[in-house]
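For reference, the structure discussed in these notes is given below.
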Amino acid sequence: MIETKQLEDQISKVLDANPICSFGTIDGKKPKVRYMALFHEGLKLYLATNSKTDKVDEIKENPNVHILVGYDGKRSSDILQVEATADICSDNSLREKLWENSFKEWFKGPHDPEYVVLEITPSSIEYTSGHDKPRVWKK
């Protein structure tokens, strides 16, 4: 149990230090990856997007997603590989909580109907640090 808590803490630190991630969905039978702003509370991940994007349509067809976090070009990088499922959330309290002024470039405000949050629930997170053997957190 202590080891699990330590791994969760290390994963949270990597998430804190990396506001951008690579986000992969399935488009038909092919993977599709893009960079996105990353938010989190503990190991629950959130991505803000427009409801009219391809990624939302892809999640409706197949909610299985993959997130890559942390590579900075150095061998000592802390890296996370996240296997997860995504839900499309239009809950006002969550949208308000995650709202940033930089979103005004794409949305009218936190209640814009096109502004949605992708709620990402990890089933497995592989944590790699430098040359250490990867450690895996499972739900």
Take a 6.0 Å sphere around NZ of Lys13 and say whether it holds more than 12 heavy atoms from other residues, nucleotides or ligands.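 Open.
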Report, as yes or no, whether the 6.0 Å neighbourhood of atom CD on Glu61 holds more than 12 heavy atoms from other residues, nucleotides or ligands.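 At most 12 heavy atoms, drawn from other residues, nucleotides or ligands, come within 6.0 Å of this atom.
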Do [X] and [Y] come within less than 4.5 Å of each other through their side chains, counting heavy atoms only?
{"X": "Val65", "Y": "Ile59", "answer": "yes"}
{"X": "Phe23", "Y": "Val33", "answer": "no"}
{"X": "Glu96", "Y": "His111", "answer": "yes"}

If you apply the rule side chain to side chain contact (heavy atoms under 4.5 Å, CB included), what do you find for Val116 with Asn50, and how did you get there? CA-CA 6 Å; Val116 295; Asn50 189 304; over 6 Å; no
Any donor-acceptor N/O pair, Ser123 side chain to Glu83 backbone, under 3.5 Å: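 Yes, Ser123 side chain to Glu83 backbone: donor-acceptor pair under 3.5 Å.
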Are any side-chain N or O atoms of Arg95 and backbone N or O atoms of Asp112, one a donor and one an acceptor, separated by less than 3.5 Å?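 At least one qualifying donor-acceptor pair exists.
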For the side-chain contact (heavy atoms from CB on, under 4.5 Å) test, which of Ile120, Leu45, Val82, Ile20 pairs with Leu38?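 Answer to the side-chain contact (heavy atoms from CB on, under 4.5 Å) test with Leu38 among Ile120, Leu45, Val82, Ile20: Leu45.
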Joint cluster assignment, Val69 & Leu43, ILVMFWY side-chain distance < 4.5 Å: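 Linked, Val69 and Leu43 end up in one cluster.
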Would a hydrophobic clustering, with Ile, Leu, Val, Met, Phe, Trp and Tyr connected at side-chain separations under 4.5 Å, put Ile67 with Ile26?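 In one cluster: no.
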Of the non-hydrogen atoms in [X] and [Y], which two are nearest, and what is the gap between them?
{"X": "Gly70", "Y": "Ser77", "answer": "O-CB, 3.9 Å"}
{"X": "Ser51", "Y": "Pro113", "answer": "OG-O, 3.9 Å"}
{"X": "Ala84", "Y": "Pro122", "answer": "CB-CA, 3.6 Å"}
{"X": "Ser12", "Y": "Gly42", "answer": "OG-O, 3.9 Å"}

Taking Asp9 first and then Lys5, would you say they form a salt bridge - that is, a charged N and a carboxylate O separated by under 4.0 Å?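 Salt bridge between Asp9 and Lys5, a charged N being under 4.0 Å from a carboxylate O: yes.
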Salt-bridge criterion met for Arg135 and Glu8 (N-O under 4.0 Å):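 Salt bridge flag = no for Glu8 with Arg135.
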Please assess Lys32 against Asp54 for the test side chain to side chain contact (heavy atoms under 4.5 Å, CB included), listing each intermediate value before the final yes or no. CA-CA 10 Å; Lys32 191 169 181 183; Asp54 290 343; 3.2 Å; yes
Between [atom1] on residue [X] and [atom2] on residue [Y], distance to nearest 0.5 Å:
{"X": "Tyr127", "Y": "Leu80", "atom1": "OH", "atom2": "CG", "answer": "8.0 Å"}
{"X": "Ile79", "Y": "Glu126", "atom1": "CD1", "atom2": "CD", "answer": "9.5 Å"}
{"X": "Met36", "Y": "Ser22", "atom1": "CE", "atom2": "OG", "answer": "11.0 Å"}
{"X": "Thr49", "Y": "Ile88", "atom1": "OG1", "atom2": "CD1", "answer": "9.5 Å"}
{"X": "Leu47", "Y": "Arg34", "atom1": "CG", "atom2": "CZ", "answer": "10.0 Å"}
{"X": "Ser129", "Y": "Gln10", "atom1": "OG", "atom2": "CD", "answer": "7.5 Å"}

Mind running side chain to side chain contact (heavy atoms under 4.5 Å, CB included) on Thr128 and Asp78 for me, showing each step along the way? CA-CA 6 Å; Thr128 305; Asp78 289 337; over 6 Å; no
Name all pairs fulfilling the salt bridge (charged side-chain N to carboxylate O under 4.0 Å, His left out) condition that reach into residues 44-53, sequence neighbours left out, sorted by first residue then second.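 Only Lys44-Glu119 qualify under salt bridge (charged side-chain N to carboxylate O under 4.0 Å, His left out).
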Apart from Trp106 itself, residues in the same hydrophobic cluster as defined by side-chain heavy atoms under 4.5 Å: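 Reading the cluster by chain and number, Trp106 sits alongside Phe39, Tyr46, Leu94, Leu98, Trp99, Phe103, Phe107, Tyr115, Val117.
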